[in-house]
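Inspection log for the structure reproduced underneath, given as structure tokens.
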Amino acid sequence: MIQALKGTKDVLPQDSYKWQYIEWHMREICERYGLREGRTPVFEHTELFLRGVGDTTDIVQKEMYTFDDKGGNSITLKPEGTAGIVRMFIENGLYNGPQPTKMYYVYCPVFRYENTQTGRLREHHQFGVEIFGAQRASADAECIMLALELFEKVGVRDLALRINSIGCPACRPNYHATLRAYLKDQYNSLCDMCKTRFEKNPLRVLDCKESHCRDIVKNAPVILDYLCGGCGAHMDELKRCLDMMRVKYDIDPFIVRGLDYYTKTVFEIISTHIGAQGTVCGGGRYDGLIETVGGPGMPGVGFGLGMERLLLTAQNQGVRIPEPPAFDLFVASVGEEAHVRAFWLAMQLREAGYRVECDHTERSVKAQMKYANKLRALHVAVIGEDELRAGVVNVKTMETGEEKETSLNAPAMAAAIKRG
RNA sequence: GUGGGUAUAGUUCAGAUGGUUAGAAUGCCAGAUUGUGGCUCUGGAGGUCGUGGGUUCAAAUCCCAUUACCCACCCCA
């Protein structure tokens, strides 16, 4: 038996309505916030991600699905959603249109070669939002509000919003130097991982889970104290916007995102209901990214939201997702003539807007009734030789067992099953 | 990449110290007077016990390997 690849998941027909439900909310909210959906290919030139995501990140260094196609091009399955949208934006000259450009994507497949655990897959799907050409922090706040509204509309609770600023190319080097100076004295006490972080990206040491490193870092200088004037003002504006919206948040100087392109604002929305992989939504500002990928120097801000993790949180919280509507009618049939007539009637009623199912198996009436019951059909009509001859049929209401005689034609049957 | 746990019908699980044709519940299919569901009763189908080796007269059970899943690290959504 061939199995699905490790870290991939099927969405079963009986579960797809849950996805459709949250996808509907995503689209509804985004359209209200003035975003348009963008769709990009599943794979891109590897080079895009080397430049976009950053070639020192774990994602690029050890998690990408990269291969050569038959033409000898290095191709990569997208490991995140932003780079592709940026490429689309530049390649199609969207920067010539009215700015800002506000886009979203729903059910964007993302591939990373990970070791799986709860809430961590090799293929997962992201809902994401990107706003290009808006430098003010109110755009950052808009992204955050949009994500929070989605959680609220879906009915997910107990989420924590954490924000931070990691500065810009102007002020971050100063902080790096300050942090290195602080860590230097205790370098030998750091874990092995952090020793390499010290060289590569000292910010990461702040994020270490080793208790010893945590102790060391506890009194480390905080980047927020070393922001340049522009970054500090930006952070203040973001806080003002969030305060005005009465949103609760924590300023967490230890948030360091794993993608190199972030500048200024970074944020995470975390659930405590899905195990260790609690980040449901993560994002921030990336003012240098569009230029890095080859476009004009334009700011950007956005986030990615893990759909599987959102569903997992909803499920663990017992969030009720409305089930799809029941069938209005099942048309059962006995015999060749009746079978074809049942199909014809079902088709006419479907055309009239009803949810109708008919038999395709030639099984007994009893079995057809059982099936109709499992489908949660509200009504059943059984058609056989007698009905064909007399031109009438009984429409049975399943819940009460009552039967009502009507003419054997679509308009009469439609009247019998009409929804109140 | 690292560490720990698990693997038996479609599903959820029983199967103490190895010992006859591997069980239950649920689901599925079919019957309970000839064309009517839910409740009840009866019957049926469905497993080479994850896979591959090994120990043994004998392995679902013990040992090794492998794969998948679960949990945690790392990292991220």
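Below, chain A is the first sequence line, B the second, and so on; all start at residue 1.
Backbone-only engagement by A/Gly7 is indicated by non-hydrogen atom pairs under 4.0 Å involving sugar-phosphate atoms exclusively. In this structure, A/Val280 reaches the sugar-phosphate backbone alone: every heavy-atom distance under 4.0 Å involves primed, P, OP1 or OP2 atoms, never a base. Base contact: A/Gly119 has a heavy atom under 4.0 Å from a base atom. Nucleic acid contact class of A/Gly384 (heavy atoms, under 4.0 Å, all strands): base. Residue A/Gln61 is out of contact with every strand shown, counting any heavy-atom pair closer than 4.0 Å. Note on A/Leu310: nothing from the nucleic acid sits closer than 4.0 angstrom, heavy atoms only.
A salt bridge is absent between A/Lys78 and A/Glu44; no separation between the charged side-chain nitrogens and carboxylate oxygens falls under 4.0 Å. Of the charged side-chain nitrogens involved, at least one lies within less than 4.0 Å of a carboxylate oxygen, so that A/Glu357 and A/Arg350 count as a salt-bridged pair. Here A/Asp328 does not pair with A/Arg355 in a salt bridge; the nearest charged N to carboxylate O distance is not below 4.0 Å.
The side chain of A/Asp386 sits closest to B/rG35 out of B/rG35, B/rA77, B/rC29. Of all nucleotides listed (B/rA30, B/rC70, B/rC73), B/rC70 comes nearest to the side chain of A/Thr116. Between B/rA32, B/rA77, B/rG35, one nucleotide has an atom nearer to the side chain of A/Val382 than all others, and that is B/rG35. Of the listed nucleotides (B/rA77, B/rC69, B/rG35), B/rA77 has the atom at the smallest distance from the side chain of A/Thr279. For A/Ala367, whose side chain is taken as the heavy atoms from C-beta onward, the closest listed nucleotide among B/rC28, B/rA30, B/rG35 is B/rA30. Comparing B/rU36, B/rA77, B/rA72 by their closest approach to the side chain of A/Val365 singles out B/rU36.
Annotation: cation-pi pair A/Arg162/A/Phe267 absent, no NZ/CZ under 6.0 Å from the ring centroid and within 45° of its normal.
In B/rA16 the O4'-C1'-N dihedral to the base is within 90° of 0, which defines a syn nucleotide.
The backbone N or O of A/His125 sits less than 3.5 Å from a side-chain atom of A/Glu308, completing a donor-acceptor pair.
Aromatic rings of A/His339 and A/Phe343 (six-membered ring for Trp) have centroids beyond the 6.0 Å cut-off, not under it.
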| remark: Writing each nucleotide of RNA chain B 5' to 3' as (, ), [, ], | or . by Watson-Crick or G-U pairing under 3.5 Å yields (((((((..((((.....[...)))).(((((.......))))).....(((((..]....))))))))))))....

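By the salt bridge (Lys or Arg N to Asp or Glu O under 4.0 Å) test, A/Lys153 is found to be paired with A/Glu149, residues two or more places apart in sequence or in another chain being considered.
Look at the C1' atom in both B/rG31 and B/rU48: the space between them is 32 Å, to the nearest Å.
One side chain, A/Glu80 or A/Tyr261, offers a donor N or O that lies under 3.5 Å from an acceptor on the other.
Following rounding to the nearest Å, A/Gln117 (CD) and B/rU6 (P) show an atom-to-atom distance of 18 Å.
Atom OH of A/Tyr33 sits in a crowded spot, with more than 12 heavy atoms from other residues, nucleotides or ligands closer than 6.0 Å.
Between the side chain of A/Asn115 and the base of B/rU2, a donor-acceptor pair under 3.5 Å is found.
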Can you check nucleotides 38-40 of chain B for protein contacts, nitrogen or oxygen pairs under 3.5 Å, and list what you find?
| unit_1 | atom_1 | unit_2 | atom_2 | d |
| --- | --- | --- | --- | --- |
| B/rG38 | O4' | A/Asn373 | ND2 | 3.2 |

